[in-house]
Amino acid sequence: MDITIVFDDASSQYSFTDGESILTAVQKLFPQQKRSIVAARIGGLLVDLTTIPSTTDDIQLVSTSSGDGLEILRHSTSHIMAEAIKELYPDAKLAIGPSIDSGFYYDIDMSKTLSPDDLGVIEQKMREITERSEHFARQDKPIAEAIEFFKERGDQYKVEILSEIPATTVSLYTQGSFTDLCRGPHIPSTSYLKHFKLLSIAGAYWRGDEKNKMLQRIYGTAFPSKEELVGFVTAREEAAKRDHRKLGQQLDLFSIQEQAGPGLVFWHPKGAIVRKEIEDFWRAEHIKRGYEFVYSPHIANLELWKTSGHWGFYQQNMYSPIQVDEDQYMLKPMNCPFHILIYKSQVRSYRDLPLRWAELGTVYRYEKSGVLHGLLRVRGFTQDDAHLFVRPDQLNDEVKGVLDFTRHMIETFGFKKYNIYLSTRPEHSVGTDEGWQMATEALRVALEEMHLDYKVDAGEGVFYGPKIDVKLVDAIGREWQGPTVQVDFNLPERFDVTYVGEDGKEHRPIMLHRVVLGSMERFFGTLIEQYAGAFPLWLAPVQVEVVPITDVQEEYARAITARLVERGIRAKVDIRREKMQAKIRDAEMQKVPYIAVIGAKEAAVDSVAVRMRHEGDLGVMAVDQFIERLLEEIKSKVIFA
RNA sequence: GCCGACGUAGCUCAGCUGGUAGAGCGGUUGAUUUGUAAUCAACUGGUCACCCGUUCAAUUCGGGUCGUCGGCUCCA
């Protein structure tokens with residue numbers, strides 16, 4: 001049987017004899033690359049190389065250099081790890097072991113608690129298994145038989161998974177003495193696996209439900225080549241250096257103090273000045289876009305939170321009540337009810353809408369202790385919040401306006417890695433199906449009209465309405481929710497918010513909740529990681545470090561610094577009795593964008609020797625020229641990647 | 001909240017099997033007057049996170065609390 005085999009855009013013919021598998025063909029046609037070819041695709045379906053072709057359809061070979069191939073390699077690695085664990089710890093019960101973006105994991109239930117040292121032992125055993133060259137063999141079984149098979153072995157998790165699969169037959173894969181339930185495909189033999197590493201141990205709930213038992217999860221990864229594996233490990237180490245918690249301390253930006261309590265942020269002077277720059281920009285942009293600013297209190301009567309529904313739906317995230325005289329007061333977890341109260345302070349006309357009210361509102365939420373994470377997940381934070389009260393006919397434009405605003409902010413701050421999600425109605429929520437549908441549709445239409453790529457995050461909306469989330473990506477690829485816009489037709493209902501229409505009758509406005517940064521804390525955290533602490537000039541805490549070479553130039557250096565400061569430039573002079581080299585080193589390590597070196601030559605002609613971060617010595621420049629350059633760069637908010 | 005690991009000067013870390021702790025950087029002082037990533041020296045830093053227990057003796061061993069880190073769950 002002659003079949004066309006396609007590999008790397010080249011195709012060749014191969015005559016299959018009866019019972020000959022694709023693997024045999026690969027070994028004959030591509031003896032050089034045979035270990036990188038791990039599977040095949042026939043008619044769009046991925047199959048094992050051990051498949052014996054039954055049609056004359058083209059066969060496309062899948063190598064580990066493709067996404068599918070890499071996934072197969074990693075998935076097979078998780079099976080090999082599972083085999084190793086079963087050999088080492090026979091009482092281990094396996095749950096699930098998929099491949100993920102950075103590698104794979106397997107969830108295991110066993111009596112022994114694994115320690116990091118055990119990873120080496122398991123790796124060693126895996127190495128043995130790869131040397132044994134065990135073949136991966138697929139077997140299709142009626143589901144009842146498969147259930148019986150795993151039941152006998154006491155693999156309760158596999159039985160549970162099987163009992164929920166609607167299919168009549170399932171596939172099992174066996175290598176060596178180990179058999180697992182799996183869709184496949186897999187590498188032909190354990191010998192294909194050469195470059196792998198087990199990374200960490202963690203706890204994970206069975207089926208991701210905290211009511212279930214906690215299993216032990218082992219994370220690992222595998223690559224086609226040693227270089228790629230080493231590259232992965234070094235990239236992780238490099239990423240760790242951009243960690244905002246590390247940089248926050250090194251650059252003296254912020255701290256979180258045990259004495260004060262977890263999740264509460266202290267902004268140091270250098271972090272505070274960055275925040276101030278962000279806030280100034282934020283305010284200016286709001287004014288341009290027709291927003292007004294409001295301020296509201298930090299606590300309010302519990303009754304208000306009952307009316308808003310927060311007490312019912314959000315209680316577990318709120319700090320305990322504060323008893324004041326006869327009443328109970330709550331620290332605010334959100335700003336929305338306050339803005340509603342301002343709205344309701346007078347009768348509003350349809351002509352007043354839309355109203356766009358913004359506030360840098362500091363909120364407090366009781367987050368579970370295990371989830372706190374530097375600036376990215378805290379208990380007290382300032383949202384760059386705004387609420388828009390709009391008429392139904394204004395909804396679409398206003399949502400688009402917010403999306404455009406968000407995009408402008410993200411781009412100005414130079415974020416390249418972010419993802420957009422549309423979150424729909426969650427399990428616990430208020431309001432009617434019609435309302436939810438209308439609101440979700442409004443968001444979807446706005447996304448489409450703005451030509452923004454997005455994914456649907458089913459059931460991830462807020463209790464009062466659906467939302468669009470923008471998630472920013474941190475140094476090691478984790479996503480953190482930043483900007484969000486939420487459509488809310490429930491709070492206006494609960495608070496009986498109205499406006500008088502053209503017809504003289506009362507109508508219900510729709511509320512938009514939105515943040516364009518997220519929170520100052522989280523945004524700052526991702527910003528630090530984004531720039532690895534080397535902020536663009538307009539944000540840099542110290543913009544220019546003035547370095548006199550000897551103390552003879554001290555007076556001139558001070559004068560230059562004063563001139564820079566007078567022009568609104570954040571300049572500091574380093575008058576320590578240190579060598580110039582040491583001062584430059586310190587300024588570089590503090591990631592100061594410009595260093596102005598001043599010796600006798602410069603002092604004589606009113607100039608400075610300019611050194612730029614990452615670029616080195618730019619040569620001598622007249623002071624006025626230097627100042628103009630700085631002001632221009634600050635004004636244009638140039639980003640140096 | 002759950003699983004696991006960790007918690008020693010301001011920072012980064014050393015301290016084997018129990019005998020009240022060290023280095024480098026930092027800070028202070030003095031000397032050096034220097035041309036693009038660390039000048040030299042002296043001095044100064046610690047209830048070894050906290051609380052109980054075992055022991056003649058605990059930074060070291062055991063238990064608990066708090067905090068941090070990696071995940072899970074949950075979220076801006």
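Just so it is clear: chains get the letters A, B, ... in the order the sequence lines come, proteins before strands, and each one is counted from 1.
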Could you state the [atom1]-[atom2] distance from [X] to [N], rounded to the nearest angstrom?
X: A:D574; N: B:G26; atom1: CG; atom2: P; answer: 12 Å
X: A:R236; N: B:G70; atom1: CZ; atom2: P; answer: 11 Å
X: A:F463; N: B:C74; atom1: CZ; atom2: C1'; answer: 16 Å
X: A:E460; N: B:U73; atom1: CD; atom2: P; answer: 11 Å
X: A:Q383; N: B:C75; atom1: CD; atom2: P; answer: 15 Å
X: A:D457; N: B:C74; atom1: CG; atom2: C1'; answer: 13 Å
X: A:L376; N: B:C69; atom1: CG; atom2: C1'; answer: 14 Å
X: A:I256; N: B:G67; atom1: CD1; atom2: C1'; answer: 12 Å

If you compare every side-chain N and O of A:H373 against the phosphate oxygens of B:G70 (OP1, OP2), does one of them come in below 4.0 Å?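 It does, given that an N or O in the side chain of A:H373 lies less than 4.0 Å from OP1 or OP2 of B:G70.
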Measuring to OP1 and OP2 of B:U12, would you say a side-chain N or O of A:Q249 lies under 4.0 angstrom away?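 Looking at the OP1 and OP2 atoms of B:U12, one of them is under 4.0 Å from a side-chain N or O of A:Q249.
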Using the [atom1] atoms only, state how far [M] lies from [N], rounded to an integer number of Å.
N: B:U59; M: B:U55; atom1: C1'; answer: 16 Å
N: B:C51; M: B:A9; atom1: C1'; answer: 23 Å
N: B:U73; M: B:A49; atom1: P; answer: 33 Å
N: B:C61; M: B:A23; atom1: P; answer: 24 Å
N: B:G64; M: B:G27; atom1: P; answer: 42 Å
N: B:G45; M: B:U29; atom1: P; answer: 15 Å
N: B:G35; M: B:U28; atom1: P; answer: 25 Å
N: B:A37; M: B:A76; atom1: C1'; answer: 39 Å

Chi class for B:G45: syn within 90° of 0, otherwise anti: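 Syn for B:G45; the angle stays within 90° of 0.
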Face-on cation placement of A:R275 at A:W267 ring, 6.0 Å and 45° thresholds: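 Yes, a cation-pi geometry holds between A:R275 and A:W267.
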Return the 5'-most residue of the pair A:Q481, A:L372 with respect to RNA chain B, ranking by each residue's nearest nucleotide.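 Checking each residue's closest nucleotide, the 5'-ward one belongs to A:L372.
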Once you apply a heavy-atom cut-off of 4.0 Å, does [X] come out as touching a base, just sugar-phosphate, or nothing?
X: A:V363; result: nothing
X: A:R478; result: sugar-phosphate
X: A:R365; result: base
X: A:K211; result: nothing
X: A:Y105; result: nothing

Using both distances under 3.5 Å as the test, list the Watson-Crick or G-U wobble partner of [N], or none.
N: B:G7; result: B:C66
N: B:C56; result: B:G19
N: B:A42; result: B:U28
N: B:C72; result: B:G1

So that I know where these two stand, are A:W357 and A:F293 an aromatic pair - ring centroids less than 6.0 Å apart?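 Centroid separation for A:W357 and A:F293: 6.0 Å or greater.
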Can you tell which of A:R425, A:K467, A:K471 makes a salt bridge (charged side-chain N to carboxylate O under 4.0 Å, His left out) with A:D457?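 It is A:K471; the other options fail the test.
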Under 4.5 Å between any side-chain heavy atoms of [X] and [Y], yes or no?
X: A:P333; Y: A:Y364; value: no
X: A:H339; Y: A:V294; value: yes
X: A:T526; Y: A:L375; value: no
X: A:Y205; Y: A:K211; value: no

Any salt bridge (charged side-chain N to carboxylate O under 4.0 Å, His left out) pairs touching residues 95-114 of chain A, not counting sequence neighbours?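 Those involving residues 95-114 of chain A are A:D107-A:R217, A:D109-A:K213, A:K112-A:D118.
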Under 4.0 Å protein heavy-atom contacts per nucleotide of nucleotides 30-38 of chain B, with B for base, S for backbone only and - for none: --BBBBBBB
For a quick check, with a 4.0 angstrom heavy-atom cut-off, what is the B/S/- contact string for nucleotides 1-8 of chain B, read 5' to 3'? BBBS----
Ignoring hydrogens and angles, answer whether the base of B:C74 and the side-chain atoms of A:R377 contain a donor-acceptor pair closer than 3.5 Å.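 Present.
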Please test A:Y421 against A:Q481 for side chain to side chain donor-acceptor pair (under 3.5 Å), starting from the C-alpha separation and ending with a verdict. CA-CA 10 Å; A:Y421 295 88; A:Q481 185 175 326; over 6 Å; no
B:A76 base stacked by A:F381 (centroids within less than 5.5 Å, tilt under 30°):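 Check passed, A:F381 stacks on base of B:A76.
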Evaluation steps, side chain to side chain donor-acceptor pair (under 3.5 Å), between A:K332 and A:T362: CA-CA 8 Å; A:K332 66 172 168 182; A:T362 303; over 6 Å; no
Within the supplied structure, the quantity of interest is the number of heavy atoms (other residues, nucleotides, ligands) at a distance under 6.0 Å from A:D453 CG; does it exceed 12?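 Atom CG in A:D453 is not crowded, with 12 or fewer foreign heavy atoms closer than 6.0 Å.
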Pair A:E615-A:Y594, side chain to side chain donor-acceptor pair (under 3.5 Å): steps then yes or no: CA-CA 10 Å; A:E615 302 289 320; A:Y594 285 96; over 6 Å; no
